[in-house]
Protein chains: 4
Amino acid sequence: MTTGIDAAFIAARNDALRRDLAHDYEHLGDQLARRGIDLEHVRAQVATFGVAIPSWGVGTGGTRFARFPGPGEPRHVFDKLQDCGVIQQLARATPTVSLHIPWDKCTDWSELRGQAASLGLAFDAMNSNTFSDQPGQPRSYKFGSLTHTDAATRAQAVAHNLECIDIGRKLGSKALTVWVGDGSNFPGQHHFRRAFDRYLESTRQIYAALPDDWRMFLEHKICEPAFYSTVIQDWGSSYLAASALGPKAQCLVDLGHHAPNVNIELIVARLIAAGKLAGFHFNDSKYGDDDLDAGSVSPYRLFLVFNELVAAAHERAPGFDPAYMLDQSHNVTDPIESLMTSAAQVQRSYAQALLVDRDALDAAQEANDAMTATHLLKAAFQTDVTPLLQRVRADAGGAIDPVATYRASGYRRQVAEARPAALSGGGGIV
Amino acid sequence: MTTGIDAAFIAARNDALRRDLAHDYEHLGDQLARRGIDLEHVRAQVATFGVAIPSWGVGTGGTRFARFPGPGEPRHVFDKLQDCGVIQQLARATPTVSLHIPWDKCTDWSELRGQAASLGLAFDAMNSNTFSDQPGQPRSYKFGSLTHTDAATRAQAVAHNLECIDIGRKLGSKALTVWVGDGSNFPGQHHFRRAFDRYLESTRQIYAALPDDWRMFLEHKICEPAFYSTVIQDWGSSYLAASALGPKAQCLVDLGHHAPNVNIELIVARLIAAGKLAGFHFNDSKYGDDDLDAGSVSPYRLFLVFNELVAAAHERAPGFDPAYMLDQSHNVTDPIESLMTSAAQVQRSYAQALLVDRDALDAAQEANDAMTATHLLKAAFQTDVTPLLQRVRADAGGAIDPVATYRASGYRRQVAEARPAALSGGGGIV
Amino acid sequence: MTTGIDAAFIAARNDALRRDLAHDYEHLGDQLARRGIDLEHVRAQVATFGVAIPSWGVGTGGTRFARFPGPGEPRHVFDKLQDCGVIQQLARATPTVSLHIPWDKCTDWSELRGQAASLGLAFDAMNSNTFSDQPGQPRSYKFGSLTHTDAATRAQAVAHNLECIDIGRKLGSKALTVWVGDGSNFPGQHHFRRAFDRYLESTRQIYAALPDDWRMFLEHKICEPAFYSTVIQDWGSSYLAASALGPKAQCLVDLGHHAPNVNIELIVARLIAAGKLAGFHFNDSKYGDDDLDAGSVSPYRLFLVFNELVAAAHERAPGFDPAYMLDQSHNVTDPIESLMTSAAQVQRSYAQALLVDRDALDAAQEANDAMTATHLLKAAFQTDVTPLLQRVRADAGGAIDPVATYRASGYRRQVAEARPAALSGGGGIV
Amino acid sequence: MTTGIDAAFIAARNDALRRDLAHDYEHLGDQLARRGIDLEHVRAQVATFGVAIPSWGVGTGGTRFARFPGPGEPRHVFDKLQDCGVIQQLARATPTVSLHIPWDKCTDWSELRGQAASLGLAFDAMNSNTFSDQPGQPRSYKFGSLTHTDAATRAQAVAHNLECIDIGRKLGSKALTVWVGDGSNFPGQHHFRRAFDRYLESTRQIYAALPDDWRMFLEHKICEPAFYSTVIQDWGSSYLAASALGPKAQCLVDLGHHAPNVNIELIVARLIAAGKLAGFHFNDSKYGDDDLDAGSVSPYRLFLVFNELVAAAHERAPGFDPAYMLDQSHNVTDPIESLMTSAAQVQRSYAQALLVDRDALDAAQEANDAMTATHLLKAAFQTDVTPLLQRVRADAGGAIDPVATYRASGYRRQVAEARPAALSGGGGIV
C-alpha cells in the first residue's frame, strides 16, 4: 500500500522556500508588534487548530445531473483514510476524520482504528445516513426516516443511528451528527407539527443511547432533498429540538444550509449565547447548498464567523466548545487539493480573527463608533497571515506549499495505478 | 364632521346585486354540500372573523425616495379613526384599530375611545416607536433604543413603552407590540451577544409592567432600517427572547420580515407548537419588506398560513389565540380601498382554509399520498368564496362591493375638502 | 403490451359526474355572462391548448442525495411513450412528447413514430444532453461541452446536437432545445468572455444545421450543476446569444432557473417585446430549480405568466408563438398523476388568463388605477374554472377526474407487473 | 469659509508614520518582485485611479423609517463641495463630484465650477431626479416619470433631463445618469411592454439632446421604490434600452441593484463583451439596495469585479471605458469618513486586481485547472496592499491615515459650528 509522501521529499521542497519564509515571517512579526500583537503567541494558538475531514470528501462529488470521477478514486474507507493521511501529512490542520455510515462500513473496525493511528489520524463525529436507501433495507426512506408516519420505518432509522454510535465507540469518536432529508415537496404533504413531534420522539431514543461523554449534533437545512419544507429547516427548529432533548444535544451550522442573505455569524452568536453551538460544517456557497470550497467565494464571511468564535473564547462564553469539520463537494478539482486548501483557508480565518484588537473593538462598540469597529475587523482580515500558516505547517513537518508539493509528489498518479477507474455516474453525492 | 357613508346608500347599492348574490350563494352551497361541507356553518365562522387596521395605514405611505400623498390625508388620530370607521362600515371585517405612539397621541383619550365606540370600533395592540427621534427627545435612537449601549437611552425607550401600555389601558387595548429598528450597518459595529442581552434587560422591564390580562408581541425582522444585522432578526431570536420573558410574551409574524424563499407557514407551525404564536402583521412582498397589500402577489401563501391556523384551531392546539392585523404601506392606491380589499383577502384565505377536508388530509398525510394531500388544499383554495364573503358583509350591514360603493359615495372627495392638502415629502413611512 | 385505459371505463367513470358537471358548467356560464364573457368562446380556446410532456418526466426523479423509484418505472422510450399515452388519454392537454437524447435513443425511429401516432401523440422539441458523460464517449464534459477550452470536446458536443436534429427530423419535431451545464465552481476557473465566445462559436455551427422550419431554443439557468457561474446565466445572456445567432434562435424560460425574487412575468414580457420568446419549461419552485409540479406552490405566478401570454396574443405581438413544455422532477408522487395534474394546472392558468377583461384593464392601466387593474386580474384568477376544464376533457374523450380515474384503472399495477423493479440509486435526475 | 485641512497638519501627521511605511513598502516590493511583479509599475497605475463622490453622499442618509443627522450637515451644494474637497485632500482618490439635480441647484454655476477648481475637483456624471416631486412641480411622478401614461408628465421628465445636461455642460460634465423609480406595486398596474415603449420614447428624446462627447448611463434596479415591477429591472432590460438608443447609451451597474445571489462580476463581463458597460455605482449590500460602504461586507466580490475590469483593460476590450462612482447611504457614520474609507477600499480592489498573474491565469483556465486559477486570484486578494495605498496618498499630498488625520483635524467640529443643526426627519435619502 502506498503510505503517503516521503518526509524527505517534503523537507527538500520546503528547503527551497525557507529563506523567503523566514524573511516574510519576520516582517509579519514586526508589523504585528507595532499593533501590540505577539506573533509567537498567535502561532501557538494556530498550531493547535484542527478541522475534521469528511471521509466522503476525498472522493469526487457530483450533482443530480452528473458525477465526473477523477483518477484514483478511493474505493473504500481504507483508501479514504490513506488520502486523509496525505492531506494531514502536508497541510497539518486536519488531524481527524469524520465517517459516514454505511458508506464507510468495514469488517474490522480495530484494523481501521490502527490504520488511522499509524497515519496520525483520529475519528471525529459519526454521520448517519437515513436519506437514501441501501440495498436490502426493509423499509424505504422515500417519505422520511426519523419523522416517517410509519413507526417501523422510524424504528429502523433510530436503530441505524444507534449502530453509528456503536461503531463510533469502537473508533474513539465522541459525537453523532444527525442530518435527515425528511421534509415535503408539496403543500399539505406533511403535517408540520406532527412531523416535528415524530422527529423529537425518534431523536429522544437516539439521545438516550448516547454515551455520557458524547454529544449529538443536530443539523438544520432549509431545503434539499425536500423542496417545499424540511423538518429542521433553520436554527430555530434546531434549537427547539436540541432544547427538548437535553444538554448533550446541540445545533450544528453548515454554512450552505440557510436562506439567501441570512446573516450566519449572527446565528452563530445566538447559538453561543444559548449554549447550543455544536460546531460547523465548513464550505462556501453562492446560490444554495453549493458545497464549494470553504472561503472560496466569501472569505470575509468565513472570517466574520471566526470573529464570533474567537470573541466567545476570549470572553469565556459558558459551554463554548465547537467542533469543526469540512463538508464540501469537490466536483472539478482533485479532492486532496481542495481539502488541503480549504483547511488552510479555515485556519487562515481563525488566525486573522486572533489578530482583532478585542479591547479596542469593545471600546468602539460601546461608543457606537461603527467606523472604528469595522476598521478593526478589516485590519485583521487584510493582514496577510500566509507566512504564519506556512511556518506552522513547516514546524509540524508539513509542506510550506502543500498543493505544489502534492503535485510534485506523484501521489495521485500512484493511486490511480493502484485503484481501478471509476465510472461516470448519473449523479449523486458519493 | 363627516361621519361615514349613509346606510341607506349602502343598502341601495346592495339591492342591485342581491339577486345575483343569492343565486351564486346558493350554487356555492350546493357545490360545498356535495363535498360534505355545510356553507351555513362556514358562514357563521367567517362572520366572526376580524383583522385590525393599523392607524398609520389610512395615510398614504412612502419609501425612502419619496412619498406622494393623495387627497384628504388624515391629519391626526381622529381623522384616522374616521377613515377606519368607513372601512369597517363597508367591509365589516376590521372591528379594531391598532394605534402607534407617538404618532397617534392626543390630549383626550376618553374622547378618542368614545369616537371609536360610536363608529363600532375598538382598540387592538398598541405599537411603540423607538425607531425614530421625536422633536425634543433627550436621547437619540440613532444607535439603538432598547439595546443601546447607553443606559439612559435604554431607559428612555423603556419608559416610552410603559407610556404606550398606559395609554392602551385607557383605550381598552390588551397587547403591546414591540418592534425595534436596533441593529448594525457594519460588521463589528454591534457586539451581537451583548446587544441581545441589553434587549432582554430592557424588555424585562416592559414585561414587568404589563397588566395581567395583556400580552407582549415581539416582532422580528431580518433587516431594515439596519442593513447588516438586527437584534431580533428571525423567529429563532424572537423565540429566545419571548421564552426568556415569560408566558405573556409571544412572537409576532410579519409576512414581509423574512429572508427570501423562507417557508413562513412552517414558521407559523413551529410557533404554534411552541405555544408562542402572538399573531400576524399581514401584507405581501415580492422582494423584501415591501408592505404590499395582503395576498396581492402571493395569495396561495396567505392561504397556506391560514391552513396552519385553521388546523391548529381544529386540533385545539394549546394556547392558540393569534391576533390579526394588517400592516401595509399604500403608496399608489387610496388607503381606504387597499385596506378594505386586503381585509377581504385575509378573510377569503380564512374562509378557504375552513373548506379543507381535515379528515381526508390527515389520512393522505398518514399514507404519504402527497398528491391527494396537496389536491385537498388546492380544492379549497380554488373554490370561489366570493359569494360567501359578500353575504357575510351584506348580513352585517356592509357593502356587497365595498370599493365600488366607496367610490360612488364620494367620501374621499368630501374629506379632501375638509382636510388640507398634504405636502409631498422626501420620503418616509408616515 | 398494455395499451392504456379502456375508453369505456373512462366513460363510465365520467357518467357518474356528468350531472354535477353540467350544473356547475351552466352556473359558470351564467356568472361569466354577467361579466360579458362567452364561456363557449373561452372553451373553444382552451380545447386547443396543449403542453408537451418531457419523456424523462414519466420516470421517478431524484436529487443528488437519492432517488427512490416507484413501481413500474419505464425502462426505455417505448415504455415512456406508453405512459405519455395514458396521460394524454385521460387529461387531454398533452398531445406532444419532448425527447431527450441519448436517454431516449432507440434502434427504430419510425417504429417509435408509429407508436406515438397510434397513441395520438406527436413530438415536440428535441433535447440534447452534453451535461453528463455517456459510456464510451471519447471526451468528457467534466469541464464543459459547447464552451470547453478543448476544440475537440466542443466538436463532439456540436456533433451530438446535430444528431439530435437528425433524429428530430425523423420524428417530425420542429425545434431543438439547448441547455448546457457549462460553467464554473470557482472564481477564476472560467474566463467569462472567452467561454461565452466559445458558446457562440459552437451554437453557430448547430444553428447552421437547423432545417428551415425549425427553431433553436436557448435555455438559461442561474446555477446548477455549476455553482459559481454559468455560461447562459440569465435571460440577458440568452438574449445576447439568440440575437447573435439569428431569427430562428429564441430564449426558453424555465420557471425555476432564476435568482430569488425575480419577476418572471416581466422577463416574459421583455422577451415577447424583443420577439425572442421561445417558450417555457413549466414547473414550480420555492428555493431554486426545485422542479416541483407546475403551480403547486405559486399558482398566481403561473397565472401572471399566462396573463402576459394571453395579452400578447390578444394584441397580436409580432412573432409571438411560444412552445409549452412541462419540466419537472417527480420525486414523491406517481409521475403520471403529477403530469396530468400539472398539465391541468397550466391549462387552468391559461383559461383564467382568458377571463381577464382586457379593455377594462387597458383603461385602468392608462388611468393609473392600480386597484382596479389588480382587481381585474384577481377576478379572473379567483374564478373557479374547474367545470370548464372538466368539460373540455370530457368532450375530448378524457376523464372528468383524471387522477381518480387513473387510480381506479389499475394501470400502474399492470405496468409494475410488466416492468422489472428499478433499483434505488445514489441520486441523479434520470 | 473653512477651506479644508491645513497641508502642514497633514504632513506632520504623516511624518510620524513615514518610517514604518517605508519599511512596509519595501517589504511589499520584495514580496512582489519574487512573484515577478514590479511594485513601481503597479503604483503608477494606482496613482491615476479615481472614483467620483456623489454630492448627496456627504450628508447623512436615512431609511424610510428615519434619518438621524449628524453635526455639520451640509446645507447646499457649496457646503457639499467643501466636504468633497476635504475627502480628496486626505484620501486622494476622489478627484470628481457627481451632482444631483434639483438637489444641487444653485444660482451661479460658474461660481460653483470655480470653487470646485480651487479645491482640485471636477464634475463627473450629472444625475437627474424624476423619482420625487419638487414643490411647485406641475405634474406628479407618483405614477411614473419617463414611462408615465400621461404625455405631459413624460415631457416634464424629459425636460428635466435636458436641463441636467444643460447644467452639466456648464460644469464640464460629460455624462448623464438616468435612474427612474418608475414601476408598479400591483400585478396588472403596469402594461409591461407599453411602459417599456414609453421609456424608450422618452429616453430617445434625451439621447437626441446629448452633446457629441457625452454618454448616457442607464441604471437598472430590481425594486424599490416600486415593489412589484420596475421598468429597467435588470441588465437585460438596460441592454435592450441602451441598444435601442445608440452607441452613446450604456449600462450602469450599481452593486446593490440585483436579485439575491446574482453573480455581478459575470454581468460586468457580459456588458464589457457587448461594449455596453457604462460604469459603476459602488456600494455594498447584504439584503437589497442597502447602500452600505463599498467592500464593507463583501470585499472579495468587489475584488472579483475589478478582476474583470483589469482583465478587460489588459486585453484591450473594445470600447472599454468605465466610469466609477460611489453611491452609498451613510446612516450611522460620519459621511466624510465613510467616503474616504470606501474610496480607499475601491482603490485597494483595483490594486489587488493588478497583482493577478494574467498569463498564469490564462494558462490555468485553458487547462481547466480550477485550483490554480482560483489560487491566483486569492494570492492577489490576500496581498496586503495597504503600504502601496498609503504611499500613493502620501506622494500626492494626502494623509497616510486619512480617518485619523481627519479626526485630529477638528474639521467636523468647525463645520458644525458654521452650519446649523439639521432636524431629525421622518425618513428619506436626502
Side-chain angles (χ1 to χ4, degrees), chain A residues 17 20 23-24 26-28 30-31 34 259-263 284-288 290 292-293 295-304 330-334 336-338 340-341 344-345 348 352 368-375 377-379 381-387 401 403-404 406-407, chain D residues 17 20 23-24 26-28 30-31 34 259-263 284-288 290 292-293 295-304 330-334 336-338 340-341 344-345 348 352 368-375 377-379 381-387 401 403-404 406-407:
Chain A
L17 301 167
D20 288 340
H23 184 55
D24 291 346
E26 186 190 348
H27 184 260
L28 178 61
D30 287 353
Q31 256 193 311
R34 272 185 254 143
N261 299 348
V262 160
N263 187 325
D284 210 337
S285 70
K286 184 154 185 65
Y287 305 102
D290 308 332
L292 301 178
D293 284 16
S296 64
V297 172
S298 305
Y300 195 47
R301 181 169 69 180
L302 186 58
F303 165 80
L304 291 172
H330 311 108
N331 303 355
V332 296
T333 52
D334 182 321
I336 289 178
E337 296 187 12
S338 269
M340 292 191 302
T341 305
Q345 181 70 36
R348 175 183 298 270
Q352 290 171 326
N368 295 301
D369 183 352
M371 182 55 62
T372 297
T374 210
H375 174 74
L377 298 190
K378 276 287 184 67
F381 177 70
Q382 287 163 358
T383 305
D384 187 356
V385 295
T386 305
D401 185 338
V403 170
Y406 167 75
R407 290 190 175 190
Chain D
L17 302 166
D20 288 340
H23 185 54
D24 290 346
E26 187 190 346
H27 184 260
L28 178 61
D30 287 354
Q31 255 193 312
R34 270 186 253 144
N261 299 350
V262 160
N263 186 324
D284 211 337
S285 69
K286 184 154 184 65
Y287 305 101
D290 308 333
L292 301 179
D293 284 18
S296 63
V297 172
S298 305
Y300 195 48
R301 182 168 68 179
L302 187 58
F303 165 82
L304 292 172
H330 311 109
N331 302 356
V332 296
T333 52
D334 183 320
I336 290 177
E337 296 186 12
S338 269
M340 292 192 302
T341 304
Q345 181 71 36
R348 174 183 299 270
Q352 289 171 326
N368 295 301
D369 183 352
M371 182 54 63
T372 297
T374 212
H375 173 74
L377 297 191
K378 277 286 184 68
F381 177 72
Q382 286 164 357
T383 305
D384 187 354
V385 296
T386 306
D401 185 339
V403 170
Y406 168 75
R407 291 190 175 190

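In what follows, chains are A, B, ... by sequence order, proteins preceding strands, each numbered from 1. Just so you know, these numbers come straight off a predicted model, no measurement behind them.
- Of the two parts of A/His375, neither the backbone nor the side chain holds a non-hydrogen atom closer than 4.5 Å to a non-hydrogen atom of chain D.
- The aromatic rings of D/His27 and A/His27 lie parallel to each other, their planes meeting at an angle below 30°, with 60° marking the opposite boundary.
- The part of D/Asp30 that comes within reach of chain A is its side chain, from C-beta onward, which places non-hydrogen atoms under 4.5 angstrom from that chain.
- Contact annotation for A/Ser338: both backbone and side-chain heavy atoms come within less than 4.5 Å of a heavy atom of chain D.
- A distance of 8.0 Å separates CG in D/Asn261 from OG in A/Ser285, rounded to the nearest 0.5 Å.
- Looking at D/Arg348, the atoms closer than 4.5 Å to chain A (heavy atoms on both sides) all sit in the side chain, from C-beta outward.
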Practice prompt. Dump the intermediate steps for side-chain contact (heavy atoms from CB on, under 4.5 Å) on D/Asp334 and A/Met371, then the final yes or no.
Written response: CA-CA 8 Å; D/Asp334 183 320; A/Met371 182 55 62; over 6 Å; no
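- Residue A/Val385 does not touch chain D at all, counting heavy-atom pairs closer than 4.5 Å.
- At a 4.5 Å heavy-atom cutoff, the contact between A/Asp369 and chain D is made by side-chain atoms alone.
- Contacts between A/Arg34 and chain D at a heavy-atom distance below 4.5 Å involve the side chain alone, from C-beta outward.
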Worksheet entry | D/Gln31 and A/Thr386: CA distance, side-chain angles, deciding distance, side-chain contact (heavy atoms from CB on, under 4.5 Å) verdict | CA-CA 12 Å; D/Gln31 255 193 312; A/Thr386 305; over 6 Å; no
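- In summary, D/Lys378 and A/Asp293 do not engage in a salt bridge, as defined by a charged side-chain N under 4.0 Å from a carboxylate O.
- The greatest number of non-hydrogen atom pairs below 4.5 Å with chain A, out of D/Ala370, D/Ser298, D/Pro299, D/Gly288, is found for D/Pro299.
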